[in-house]
K.L.:
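Structure provided below as structure tokens; questions to follow.
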Amino acid sequence: MQNSAMKFWLDSSWLAGANQSYIEQLYEEFLTDPESVDTVWRVIFQQLAAASVKPEVFHSTMREYFRRLAKNTTYCSSRIINPIINFKQVKVLQLINAFRLRGHENAKLDPLCLSKQETILALNPAYYDLDQNDFQTSFSVGSFAIPKETMKLDDLYALLKKVYCGYIGVEYMHINNIEEKHWIQRRIESEMNHISFSNEQKKTFLKELTAAEGLEKYLAAKFPGAKRFSLEGGDALIPMLRAIIHYAGQNGTREVVLGMAHRGRLNVLVNVLGKKPQDLFDEFSGNNKECMGTGDVKYHMGFSSDIETCYGLVHMVLAFNPSHLEIVSPVVMGSVRARLDRLIGDNTTNEVLPITIHGDAAVIGQGVVQETLNMSQARGYEVGGTIRIVINNQIGFTTSNLKDIRSTLYCTDIGKMVLAPIFHVNADHPESVVFVTRLALEYRNTFKRDIFIDLVCYRRHGHNEADEPTATQPMMYEKIRKHPTPRIIYADQLVKEGIVTLHDTIEMVNLYRTGLDRGKCVVPEWRSTKLQSRTWSPYLNHDWNEHYEAKLQLQHLQELALRISYVPESVEMQLRVAKIYKDRQEMAKGEKLFDWGGAENLAYASLVDQGISIRLSGEDSSRGTFFHRHAVIHDQKNGKTYTPLHHVHSAQGQFKVWDSMLSEEAVLAFEYGYATTEPRVLTIWEAQFGDFANGAQVVIDQFISSGEQKWGRMCGLVMLLPHGYEGQGPEHSSARLERYLQLCAQQNIQVCIPSTPAQIYHILRRQVLRRMRRPLIVMSPKSLLRHPLAVSSLEELASSTFQPAIGEVDSLNPKEVKRVVLCSGKVYYDLLKERRKNKQINIAIVRIEQLYPFPHKAIKEILKNYCHVQDFFWCQEEPLNQGAWYCSQHHFREVLPVGASLRYAGRQASASPAVGYMSVHQKQQQDLVNSALKLD
């Protein structure tokens, strides 16, 4: 090599910046797979490896070599590497790498050709000093995945543009797993330059585009001006989804769970899942006969069916979804995880496939997407990868200026946080769409990771059909009006290819329209399935008060308590944890009363003993935020874990507790999806503090409290929300009880405030043993976890049941009682302590443990002894405008004796849930207790 060449290597800073990282990457790839790099580099790297050069010192070693070589061309090559390098050849390899990195930026992705593409200098051979004289020279193509080892630069350059700058743009170089990266690289470089389908397949694609367009035009004519959130412009979604179903069936998939927002939902329902058009027309006319509750708009509704493929039936589920767009994604993942757990516990199988469909503005604009991606590989939440499709209309509601809509080049850049590969594809080219769809499915099944498909299209109408888009996007919609539909574009292509005639394309349109006129299913592969699966059949139409077997033999329960309090001597427990387990052994032996953590764990033991599985998740839930549960013990010697609840007996149900990522919205949505899919598992979500559920308010409002009435979706999810005023400030006192009570109607949820260990034991058991499945909201305690009075005997656990209300516990003479104080939760113990201190025998205290459904009968039974009392108080810790007072006082008044008065004892109305100063808190607490107990 000449000195001038060496000067080039150094003066051009060839070993700096992006080039440096490129060469270092090549070296790392060589260390993994020597055959994956070009022959020229392999010679260099073999000698570096022989010299034991590590990747971290690779750059300095290379630069030192070239510095010496520039000064002395006779520098011994055996010292480090062979100096025979054709730097033009290296430049060709750099050009290949540039297309891999940035070719997508010059791909033909926008059907409207409105997006302005920057000139990428790195994609021009001249950028590497490769001129016309080099175009007829043959160069090694390195790892470029084609049969030839060398190509003329002219042919290579044309092929690079065809592969990386056609109707598909691929982003995969950000992936740090070399195996994944090489897998994608080999597939796209060997197949994308000759995408081909049979004539019959192409006819099928045209029929599917005809159906997609045909439904939208039919609805527009039949119901003009009605909202339908048309798919028009993104019609290729239909052949995309149908390709996934059939290709997934070939790969062993038996269930597909699909989540999507409004855009194109009606089209997917009719043309993919097989919903009868007549049923959809009835919904447009307001004549839906199957509504089981208050119902919902047609573009929120879910559906399920079976689709026949050449490889067997594939069960399809489209999840119900509110207007909150991306919130359905974690719900789908939860549903899929439940289905996977049902399959012999193998959550890496391909048998269940999740697909989520996003809008371009929403996928990067809504935080729940980040939360969902973050959980995609977490142990308790992984589902073996999700195919995430973006219907990229290039507009969010009325905003299309990229400077307003996001801060990144692509809406799919959010996927890079989990190193997901991203395929961008022009929606006007269905063959390219189907190609990347199959490739995405293969990647997901191979590597069990998420993958994004960015379906770049447009929106032919406004946000909805009553909207006028030209008001804000005049230029875009001028272009759209003149742009032929995807069906017309593809039909013209197939006519030119001689695959169909113009008459054939017209006949397809007429046949589809005739099918819609008949109102019957237009998906030939559709097979019927019941709306409620056999899994749910035993849980339908059950009453709140139906009997269930609550009691257990005392001796058997004691045996269970002993088993779960035993920890092998080989496990070295932390000192405080060891004390907790020593206490639990004494509780099991009857030497101590049960505290909250002991009773709760025993409830789980009694259920897994009966073969019932439990799933508990939340932030720090395995030990409990307040150091009370310790369901998982961490060995202090080696960090390994031991879970006593895994050792109840050999045929027990599963006990799974997961410490979640720091998220409320996505995790709670996940657990909702799990609970609506698997009624046989006790599914529990625990908030670190009750008010943290604020971050998941969408899930509570749109799914948990209203899902049954809107969609007929039952759910047995339990929410444990630590609640209680202990002077910890505004953010750690209130679980916002009032918000749940405001949502209560039509017996939709249960809202309970258990005050003893026996009560939490029984309410958890009741939730799964009783056949009714409705959400349970528990205001769980903090200070009561260790309160000396908040204890229960083993007998209370074994022989009792949950009490929706608890009467007076002290031996008061009912006839001497002049006042009855009603309350719930921790304040009861403050009232009891003060009353005993004052030796007041004329005030009774009644606890309401279940605020909804309100236990009228149980409370009236308790109050029978106080028919003469006219003075009643409701006492609460929360401010006047919060807590149960405003939401539940009408219930309180309904159970009082005729003519009795009801007054309030509690904090004054406040904008904040609680004060931030301990001294002020204590004074307020004492004042409200005094107010309830001080007789006028």
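Because the structure is a prediction, the values reported are computed rather than measured.
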K.L.:
How about CZ on R518, more than 12 heavy atoms from neighbouring residues, nucleotides or ligands closer than 6.0 Å, or not?
P.N.:
no
K.L.:
Under a 3.5 Å threshold, yes or no: a donor from one side chain and an acceptor from the other, between H890 and S888?
P.N.:
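H890 vs S888: no donor-acceptor pair found between side chains.
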K.L.:
So among T412, T372, T356, D454, which one has a side-chain hydrogen bond (donor to acceptor under 3.5 Å, both in side chains) with R388?
P.N.:
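Per the side-chain hydrogen bond (donor to acceptor under 3.5 Å, both in side chains) rule, the option paired with R388 is T356, out of T412, T372, T356, D454.
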K.L.:
On a heavy-atom basis, which atom in I405 and which in G396 lie closest, and how many Å separate them?
P.N.:
CD1-N, 3.6 Å
K.L.:
Decide side chain to side chain contact (heavy atoms under 4.5 Å, CB included) for I389 and M240; before the verdict, give the C-alpha distance in whole Å, the side-chain angles of both, and the deciding distance to 0.1 Å.
P.N.:
CA-CA 10 Å; I389 301 166; M240 172 186 276; 3.5 Å; yes
K.L.:
Look only at the side chain of D467 and the backbone of P469, and say whether a donor-acceptor pair between them is shorter than 3.5 Å.
P.N.:
no
K.L.:
Would you find a donor on one side and an acceptor on the other, under 3.5 Å apart, between the side chain of Y548 and the backbone of Q767?
P.N.:
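Not a single qualifying donor-acceptor pair exists.
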K.L.:
For F229 together with H463, are the ring centres under 6.0 Å from each other?
P.N.:
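When the ring centroids of H463 and F229 are compared, they turn out to be within the sub-6.0 Å range.
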K.L.:
With rounding to the nearest 0.5 Å, note down the distance linking CZ in R460 to CG in L231.
P.N.:
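Here the interatomic distance stands at 11.5 Å.
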K.L.:
Under a 4.5 Å cut-off applied to non-hydrogen side-chain atoms, are V272 and F303 in contact?
P.N.:
no
K.L.:
Please determine if K298 forms a cation-pi arrangement with F284, meaning its NZ or CZ atom is less than 6.0 Å from the six-membered ring centre and no more than 45° off the ring axis.
P.N.:
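Yes, K298 lies over the aromatic ring of F284.
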K.L.:
Angle between ring planes, Y299 versus H262, binned at 30° and 60°: parallel, tilted or perpendicular?
P.N.:
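Aromatic pair Y299/H262 classed tilted.
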K.L.:
Has the side chain of E665 got a donor or acceptor atom that lies under 3.5 Å from a matching backbone atom of V699?
P.N.:
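Side chain of E665 to backbone of V699: no pair is present.
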K.L.:
Closer than 4.0 angstrom, basic N to acidic O: yes or no for E546 and R771?
P.N.:
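Salt bridge flag = no for R771 with E546.
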K.L.:
Tell me every residue that passes salt bridge (Lys or Arg N to Asp or Glu O under 4.0 Å) with E255, counting only those two or more places apart in sequence or in another chain.
P.N.:
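For E255 the salt bridge (Lys or Arg N to Asp or Glu O under 4.0 Å) partners, ignoring immediate neighbours, are R339.
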K.L.:
Does the pair I489 and H483 meet the rule for a side chain to side chain contact (heavy atoms under 4.5 Å, CB included), with working shown?
P.N.:
CA-CA 9 Å; I489 293 171; H483 191 73; 3.9 Å; yes
K.L.:
Residues in salt bridge (Lys or Arg N to Asp or Glu O under 4.0 Å) with R680, at least two apart?
P.N.:
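R680: salt bridge (Lys or Arg N to Asp or Glu O under 4.0 Å) contacts with E678.
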K.L.:
Donor-acceptor check, side chain of E468 to backbone of T470, threshold 3.5 angstrom: yes or no?
P.N.:
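Yes; at least one donor-acceptor contact below 3.5 Å.
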K.L.:
Regarding R615 and the six-membered ring of Y674, is the cationic atom NZ or CZ under 6.0 Å from the ring centre and inside 45° of its axis?
P.N.:
yes
K.L.:
If you round to the nearest 0.5 Å, how far is NZ of K520 from CG of D279?
P.N.:
9.5 Å
K.L.:
Can you tell me how far OG1 of T683 sits from CE of M719, rounded to the nearest 0.5 angstrom?
P.N.:
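Rounded to the nearest 0.5 Å, the CE-OG1 separation comes to 13.5 Å.
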K.L.:
Using 4.0 Å as the upper bound for N to carboxylate O, is an ion pair formed by E708 and R713?
P.N.:
no
K.L.:
Going by distance alone, is a donor N or O of one side chain under 3.5 Å from an acceptor N or O of the other, for E208 and N271?
P.N.:
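Absent: no donor and acceptor within the cut-off.
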K.L.:
So, Y218 versus F281, ring centres under 6.0 angstrom or not?
P.N.:
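Ring centroids of Y218 and F281 are less than 6.0 Å from each other.
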K.L.:
Going through the distances and angles, do L511 and T514 end up as a side chain to side chain contact (heavy atoms under 4.5 Å, CB included)?
P.N.:
CA-CA 5 Å; L511 284 173; T514 300; 5.6 Å; no
K.L.:
Pair I357, L241 - check side chain to side chain contact (heavy atoms under 4.5 Å, CB included), show working.
P.N.:
CA-CA 10 Å; I357 302 178; L241 290 176; 4.0 Å; yes
K.L.:
Does this structure show an ion pair linking R487 with D235, if we count only N-O contacts that are shorter than 4.0 Å?
P.N.:
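Between D235 and R487 there is no salt bridge, as every charged N stays at least 4.0 Å from the carboxylate O atoms.
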K.L.:
Any donor and acceptor pair, going by atom type alone, linking the side chain of S705 with main-chain N or O of I700 inside 3.5 Å?
P.N.:
yes
K.L.:
Does the side chain of Q742 reach to within under 4.5 Å of the side chain of Y886, using non-hydrogen atoms?
P.N.:
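With C-beta onward as the side chain, the pair stays apart.
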K.L.:
Is the backbone of P679 close enough, under 3.5 Å, to the side chain of R773 for a donor and an acceptor to pair up by distance?
P.N.:
yes
K.L.:
Does any donor atom in the side chain of Y512 or D517 lie under 3.5 Å from an acceptor atom in the other side chain?
P.N.:
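Side-chain D/A pair, Y512 to D517: absent.
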K.L.:
Hey, does the side chain of R263 reach the backbone of S230 with a donor-acceptor pair shorter than 3.5 angstrom?
P.N.:
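Yes.
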K.L.:
May I have all residue pairs that pass salt bridge (charged side-chain N to carboxylate O under 4.0 Å, His left out) and include part of residues 737-746, sequence neighbours excluded?
P.N.:
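Listed once each, the pairs are R736-E738.
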K.L.:
Crowded around D404 CG? As in, over 12 foreign heavy atoms under 6.0 Å?
P.N.:
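Above 12, so yes.
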K.L.:
Drop me the distance from K482's NZ to L112's CG, to the nearest 0.5 angstrom.
P.N.:
12.5 Å
K.L.:
Within the supplied structure, the quantity of interest is the number of heavy atoms (other residues, nucleotides, ligands) at a distance under 6.0 Å from K227 NZ; does it exceed 12?
P.N.:
no
K.L.:
Testing the basics here: between V500 and A491, what is the closest heavy-atom pair and its distance to 0.1 Å?
P.N.:
CG2-O, 4.5 Å
K.L.:
Identify the two heavy atoms, one from N321 and one from A261, that lie closest to each other, and give their separation to 0.1 Å.
P.N.:
ND2-CA, 3.5 Å
K.L.:
I'd like to know if the side chain of N748 reaches the main chain of S706, judged simply by a donor and an acceptor atom lying under 3.5 Å from each other, with no hydrogens or angles considered.
P.N.:
no
K.L.:
Regarding T472 and T398, is there a side-chain donor-to-acceptor distance under 3.5 Å anywhere?
P.N.:
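Short answer, no.
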K.L.:
Rounded to the nearest 0.5 Å, how far apart are CZ of F670 and OG of S335?
P.N.:
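That separation rounds to 9.5 Å.
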K.L.:
Provide the closest heavy-atom pair for L318 versus R265 in the form atom of the first, atom of the second, distance.
P.N.:
CG-NH2, 3.9 Å
K.L.:
Looking at every non-hydrogen atom in both residues, tell me the closest pair between Y490 and L206 and how far apart they are.
P.N.:
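Looks like CE2-N, 3.9 Å.
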K.L.:
Determine the interplanar angle of the H891 and H856 rings, folded into 0 to 90°, and report it as parallel if under 30°, tilted if 30 to 60°, perpendicular if over 60°.
P.N.:
perpendicular
K.L.:
Quick one about S304 and H315 (side-chain donor to acceptor, distance below 3.5 Å, no hydrogens or angles considered), yes or no?
P.N.:
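No, no side-chain donor-acceptor pair sits under 3.5 Å.
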K.L.:
Is the side chain of R770 donor-acceptor paired with the backbone N or O of W544 at a distance under 3.5 Å, no angle test?
P.N.:
yes
K.L.:
Would you please indicate if the ring centroids of W711 and F703 are separated by under 6.0 Å?
P.N.:
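Ring centres of F703 and W711 closer than 6.0 Å.
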K.L.:
Between A236 and L455, which heavy-atom pair has the shortest distance, and what is it?
P.N.:
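Smallest heavy-atom distance, with atoms named: CB-CD1, 4.3 Å.
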K.L.:
Could you give the distance from OG1 (T677) to OH (Y672), rounded to the nearest 0.5 Å?
P.N.:
9.0 Å
K.L.:
Is M714 close to T676 at the side-chain level, that is, under 4.5 Å between some pair of heavy atoms?
P.N.:
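Of all side-chain heavy-atom pairs linking M714 with T676, none is under 4.5 Å.
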K.L.:
Sub-3.5 Å donor-acceptor pair from the side chain of Q850 to the main-chain atoms of C752, do we have one?
P.N.:
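No, the answer is negative, given that no donor and acceptor are paired below the 3.5 Å cut-off.
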